[in-house]
Protein chains: 2
Amino acid sequence: MAPPDTRTRIVLAAMDLFFLKGFGSTSVADILSRSQVNSGSLYHFFPGKQDVLLAVLEFYRDGIREMLLDPAWQGVDDPIERIFALLGAYRTMLVESDCTYGCPIGSLALELHEPDPAVRALLEANFDAWTGAIEGCLAAGADRLPPDIDRRALAEFALTAMEGGVMQARTARDIARFDRTVDQLRHHFTMLRSGAGAPFTAA
Amino acid sequence: MAPPDTRTRIVLAAMDLFFLKGFGSTSVADILSRSQVNSGSLYHFFPGKQDVLLAVLEFYRDGIREMLLDPAWQGVDDPIERIFALLGAYRTMLVESDCTYGCPIGSLALELHEPDPAVRALLEANFDAWTGAIEGCLAAGADRLPPDIDRRALAEFALTAMEGGVMQARTARDIARFDRTVDQLRHHFTMLRSGAGAPFTAA
DNA sequence: CTCGGTTAGTTGAATGATCAATCAAGGCCG
DNA sequence: CGGCCTTGATTGATCATTCAACTAACCGAG
């Protein structure tokens with residue numbers, strides 16, 4: 001295994017730092033010392049700090065399967081259970097960090113109030129990759145769900161539940177807030193499956 | 001009406017700025033120029049920038065009724081509809097800001113990765129005031145919900161839906177993401193009311 | 001009423017830290 | 001030689017915070 005090249009080292013270091021401390025609280029000097037690179041080299045590959053963020057968001061979007069989905073879905077074949085296995089992966093991250101580290105994309109999305117269009121587009125692309133994966137699960141498990149279900153809306157709702165649950169667990173430093181959110185989402189699925197209420201239609 | 005005193009001017013200006021641009025992106029100089037106050041005066045009332053944030057969070061928590069609930073609930077008496085009227089207020093804020101301005105507390109909660117304990121406690125207190133209000137609605141409308149419902153968990157789930165919907169709408173610059181989340185939550189309530197699925201119990 | 005003193009609040013230039021970004025010089029490898 | 005990459009001190013901007021001097025209001029003593 002060849003050692004990673006300079007550009008990759010920068011991206012990996014910056015990913016760790018941006019995800020852990022956020023964009024604004026990470027200085028270029030932080031990235032330099034963690035990646036063992038000099039400032040001149042960084043600015044040789046990237047016009048500026050923001051372009052490092054773009055590279056990190058591209059890297060994460062392209063690696064979502066290997067970095068997030070595959071580990072979370074190891075040994076889980078049922079497509080609906082995979083949705084909750086993915087939420088379980090976020091639960092693990094919360095617990096292992098004392099409810100400090102949640103969803104890095106969500107944190108960045110709310111930290112950057114007026115993001116550059118390119119940054120915003122990549123944040124959206126990361127969310128879309130996530131909901132796309134969930135939508136795939138819903139499609140694979142369609143036989144156990146009402147046929148008229150809006151898969152896109154339900155996948156987005158799973159993202160909503162994850163992000164909202166992470167936010168509350170982090171703020172309260174209490175994993176129970178995340179667990180209660182997931183329980184509610186599970187109940188949502190249970191009720192959907194039993195075909196309760198009118199068939200869902202967008203307003 | 002007496003003009004607001006210096007301390008209040010600072011808190012009001014800082015609230016606007018923290019809610020609009022975040023804590024990190026707001027400089028003390030920003031607060032000074034918006035409040036028309038000199039740095040010496042600010043530091044006469046507050047030991048530092050973070051203490052201004054504490055004052056803002058206290059002010060907002062104490063004023064949630066006047067600033068948020070009362071306007072949102074004008075003309076809405078049904079307790080369950082009040083929940084969705086509150087979500088409607090966030091929708092209005094999103095639309096009026098081109099999906100830029102969402103929930104200020106949520107933004108701050110995710111921006112501050114390692115908040116001072118006092119700051120974290122006040123963020124939590126703001127969330128608790130919010131969910132407490134929703135819980136009150138659920139209690140007032142208890143006759144139209146299954147009796148064994150976990151009101152706390154359901155109120156937290158409403159917060160989850162709001163925060164997750166705001167996050168996605170902001171990131172995608174598309175109000176439809178918020179609307180779909182609210183639709184899902186409404187459907188959640190519909191299904192609950194019809195008593196579908198096993199009675200909910202926490203895991 | 002008035003003088004002296006005390007306190008609360010104000011002023012804004014100065015300070016030092018931190019930060020992103022620059023660049024001239026040099027090394028490596030074809 | 002020449003293009004690609006690296007070095008790291010330097011720059012200038014921005015930032016939170018400090019401080020010494022100033023004003024205004026009040027209060028009690030004479």
Side-chain angles (χ1 to χ4, degrees), chain A residues 2-57 59 107-108 111-120 122, chain B residues 2-57 59 107-108 111-120 122:
Chain A
D5 63 15
T6 304
R7 210 195 108 102
T8 306
R9 286 221 313 283
I10 294 170
V11 171
L12 290 173
M15 184 171 66
D16 288 350
L17 291 165
F18 289 160
F19 286 2
L20 201 65
K21 315 199 306 170
F23 179 72
S25 301
T26 298
S27 70
V28 174
D30 289 337
I31 301 171
L32 296 177
S33 76
R34 171 171 267 251
S35 60
Q36 301 280 23
V37 161
N38 288 95
S39 66
S41 293
L42 187 148
Y43 284 95
H44 173 76
F45 290 106
F46 301 98
K49 186 189 175 188
Q50 182 177 256
D51 302 272
V52 179
L53 175 61
L54 292 176
V56 165
L57 290 174
F59 185 84
S107 296
L108 287 171
E111 176 193 347
L112 307 165
H113 285 243
E114 280 170 359
D116 188 88
V119 173
R120 196 206 54 73
L122 274 170
Chain B
D5 63 15
T6 305
R7 209 194 109 103
T8 306
R9 287 223 311 284
I10 293 169
V11 171
L12 290 174
M15 185 171 65
D16 288 349
L17 291 165
F18 289 160
F19 286 1
L20 201 65
K21 315 199 305 172
F23 179 72
S25 300
T26 298
S27 71
V28 174
D30 290 336
I31 301 172
L32 297 177
S33 77
R34 170 171 268 251
S35 59
Q36 300 281 27
V37 161
N38 288 95
S39 66
S41 292
L42 188 148
Y43 284 94
H44 173 76
F45 291 106
F46 301 99
K49 184 188 175 188
Q50 182 177 255
D51 302 270
V52 179
L53 175 61
L54 292 176
V56 166
L57 291 174
F59 184 85
S107 296
L108 287 171
E111 175 193 348
L112 306 165
H113 285 244
E114 281 171 359
D116 188 87
V119 173
R120 195 206 55 72
L122 275 171

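So you know, we letter chains A, B, ... as the sequences are listed, proteins then strands, and number each from 1. Just so it is clear, the model here is predicted, and its values are computed rather than measured. When reading the values below, keep in mind they use all heavy atoms of this one structure, side chains included, and skip hydrogens, waters and symmetry mates.
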Presence of B:T6 side-chain N/O under 4.0 Å of C:dG9 phosphate oxygens OP1/OP2: no

Heavy-atom protein contacts under 4.0 Å, nucleotides 7-18 of chain D, coded B base, S sugar-phosphate only, - none: BBB-----SSBB

Distances for protein N/O vs nucleotides 26-30 of chain C N/O pairs under 3.5 angstrom?
none

Smallest heavy-atom separation, A:K49 atom then A:F18 atom, equals CE-CE2, 4.5 Å

Rounded to whole angstroms, how far apart are NE2 on A:H44 and P on D:dT6? 7 Å

Could you list the donor-acceptor pairs under 3.5 angstrom formed between side-chain atoms of residues 35-47 of chain B and any protein atom two or more places apart in sequence or on another chain?
from: B:S35; atom 1: OG; to: B:I31; atom 2: O; distance (Å): 2.6
from: B:S35; atom 1: OG; to: B:L32; atom 2: O; distance (Å): 3.4

Heavy-atom pair of closest approach, residues A:H113 and B:L20: ND1-O, 3.0 Å

What distance separates A:E111 CD from B:L112 CG, expressed to the nearest 0.5 Å? 9.5 Å

Which heavy atom of A:A55 sits nearest to which heavy atom of A:V11, and what is that distance? CB-CG2, 4.0 Å

CE-CG distance between B:M15 and B:L53, expressed to the nearest 0.5 angstrom: 12.5 Å

Figure out the CZ/P separation between A:R7 and D:dC4, and round it to whole Å. 16 Å

Close side-chain approach of B:L108 and B:L57, heavy atoms under 4.5 Å: yes

Inter-residue atom distance A:D16.CG - A:T26.OG1, 0.5 Å rounding: 10.0 Å

